[in-house]
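Report on one structure; see the data block that follows.
Computation of the quantities below employed the complete heavy-atom set of this structure, encompassing side-chain atoms and omitting hydrogens, waters and symmetry-equivalent molecules.
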Amino acid sequence: MALYKLTDFDASYRDTFGGNDIKGMSVYAEGTDEKIGTVHDVLVDEEGHFRYLVVDMGFWIFGKKVLLPVGRSRIDHTSDRVYVMGMTREQADNLPEYDERQTVDYDYEERVRGVYRTPSVPVDASAPLEASAPLSSQTGVDVPQSVSTTGYTGATPVYDRDNYTYDREPSLYGMNEQNHQTLRLYEERLIANKRRQKVGEVTVGKHVETETARVAVPVEKERVVVERVTPNDAGTPVAPGEATFRQGEVTHMDIYEETPEIRKEAVVREEVRVRKEVDHDTVETQDTVRREELDVNTSNLPIEER
């Protein structure tokens, strides 16, 4: 039955307890206002069940750390305190010192359990578990009513290291509603939200293109036509003095022609309007969510869930 430190088993264990941290809580003797130490660490089994609180006994025994079975504690998150039920100063002296560098094996646990067990009542490992008897007047430890003297060799109970389970001693490891706060079960759920982000940019501008345009312009050009004709009275003599012969007589005629005159003017060809439209769509996404379910180990005892 390997044991692990709480942070080694689950680094985010504070989230499981709603942000609360049991480490660092003050430890007080039950029924008194006497502080005996602080919670240094927590040891859990392979399934994550609390088994021991590592208590720094600095207020009783300076520099000594011991293991406190979780069933002998009462955790009060309201006052940030852990109350130890039935521990005496003598028991604290007799408890083996906890060293983080050493392995917590069965033999070490038996030394721890031997201090907390009621010395006057023998316990057989094969005995079935039933309801707990009243607290012992000596140590305040609950012990099973159904016990046997088989294998009893004195004040120390006999257990089989190969078959030992923590369920056999609920007085040491049982977490009940009376001595511990309600266990909260958490589940994850998906929260849908939206955020606006820029995915691109559209640039609308203009540039100038050139091309060769052709236009047809009708033009007129004048030319001189010299036409010689024979009059009808050709050969008829003229009256004396009518014929005048003048040297250098010249006739002038202006000649014109049209040439194309080209100019350019700018006109509006079209308008371009730029706007945005919003398209609506539904996007589905999925992810894995976790949910805690309650595991109830009744040890064959009747139980009623409400």
I'd like to know if the side chain of Arg89 reaches the main chain of Trp60, judged simply by a donor and an acceptor atom lying under 3.5 Å from each other, with no hydrogens or angles considered.
yes
Residue that, paired with Ile36, satisfies side chain to side chain contact (heavy atoms under 4.5 Å, CB included) out of Val82, Val84, Ile61:
Val84
Under 4.0 Å between a Lys/Arg side-chain N and an Asp/Glu carboxylate O for Asp76 and Arg81?
no
Looking only at atom types and distance, does a side-chain atom of Asp105 sit under 3.5 Å from a main-chain N or O of Tyr108, one as donor and one as acceptor?
yes
Let me see the working for Glu284 and Gln286 under side chain to side chain contact (heavy atoms under 4.5 Å, CB included), right down to the final yes or no.
CA-CA 7 Å; Glu284 291 187 359; Gln286 64 181 19; over 6 Å; no
By salt bridge (charged side-chain N to carboxylate O under 4.0 Å, His left out), which residues pair with Arg214, not counting sequence neighbours?
none
Quick one: does Lys5's side chain have a donor or acceptor within less than 3.5 Å of a partner on Glu100's backbone?
no
Lys/Arg N to Asp/Glu carboxylate O, Lys23 vs Asp21, below 4.0 Å
no
In plain terms, say whether Glu292 and Arg290 are close enough for a salt bridge, that is, a side-chain N and a carboxylate O under 4.0 Å apart.
no
What closest approach, in Å, do Asn94 and Val115 show between heavy atoms, and which atom pair accounts for it?
O-CG2, 3.8 Å
Taking the side chain from Asp8 and the backbone from Tyr4, do they hold a donor-acceptor pair closer than 3.5 Å?
no
Check the hydrophobic clustering (I, L, V, M, F, W, Y; side-chain heavy atoms under 4.5 Å; chains of links allowed) and say if Ile255 and Val226 are grouped together.
yes
Are Leu6 and Phe50 side-chain neighbours, meaning at least one heavy-atom pair lies under 4.5 Å?
yes
Under a 4.0 Å N-O cut-off, is there an ion pair linking Arg111 with Glu109?
no
Ionic contact status for Lys221 with Glu258, cut-off 4.0 Å
no
Once rounded to the nearest 0.5 Å, what's the spacing between atom CG of Leu190 and atom OG1 of Thr285?
7.5 Å
Do Val219 and Val215 belong together in a cluster built from hydrophobic side chains that touch within less than 4.5 Å?
yes
Over all atoms of both residues, closest heavy-atom pair of Arg72 and Tyr116
NH1-CD2, 3.2 Å
May I ask whether Tyr106 and Tyr166 are part of the same hydrophobic cluster, defined by side-chain heavy atoms of I, L, V, M, F, W, Y residues being less than 4.5 angstrom apart, directly or through others?
yes
Identify, with sequence neighbours excluded, every residue that meets salt bridge (charged side-chain N to carboxylate O under 4.0 Å, His left out) alongside Asp107.
Arg161
For the residue pair Tyr83 and Tyr28, does the interplanar ring angle fall in the parallel (under 30°), tilted (30 to 60°) or perpendicular (over 60°) class?
tilted
Give the minimum heavy-atom separation between Glu46 and Phe9, together with the two atoms involved.
O-CE1, 3.6 Å
Between Tyr52 and Tyr98, ring centroids under 6.0 Å:
no
For a 4.5 angstrom cut-off between non-hydrogen side-chain atoms, does Ile22 reach Met25?
yes
In sequence, state the C-alpha distance, the side-chain angles, and the governing distance for Lys65 and Glu97, and then conclude on salt bridge (Lys or Arg N to Asp or Glu O under 4.0 Å).
CA-CA 6 Å; Lys65 297 183 180 68; Glu97 185 171 358; over 6 Å; no
Would you say Val70 and Arg51 make side-chain contact, with heavy atoms under 4.5 Å?
no
Begin with the C-alpha distance, continue with both residues' side-chain angles, and end with the deciding distance and a verdict on side chain to side chain contact (heavy atoms under 4.5 Å, CB included) for Leu53 and Leu67.
CA-CA 6 Å; Leu53 303 182; Leu67 296 186; over 6 Å; no
Does the Glu30 side chain pair with the main chain of Met85, one donor and one acceptor, at a distance under 3.5 Å?
no
Just so I know, are the side chains of Glu169 and Arg113 near enough to count as touching, which here means a heavy-atom distance under 4.5 Å?
yes
Report the C-alpha separation of Arg189 and Arg291 in whole Å, then their side-chain angles, then the decisive distance to 0.1 Å, and conclude whether the side chain to side chain contact (heavy atoms under 4.5 Å, CB included) test is met.
CA-CA 9 Å; Arg189 62 181 181 180; Arg291 181 176 62 188; over 6 Å; no
What's the shortest heavy-atom distance between Pro96 and Val112, and which atoms?
CG-CG2, 3.7 Å
Do Arg263 and Glu261 meet the salt-bridge criterion of a basic N to acidic O distance under 4.0 Å?
no
Find the distance between OH (Tyr256) and CD (Glu222) and round it off to the nearest 0.5 Å.
7.5 Å
Closest non-hydrogen contact found for Lys64 with Asp93 is NZ-O, 3.1 Å
Could you walk me through whether Val55 and Thr38 pass the side chain to side chain contact (heavy atoms under 4.5 Å, CB included) test, one step at a time?
CA-CA 6 Å; Val55 180; Thr38 57; over 6 Å; no
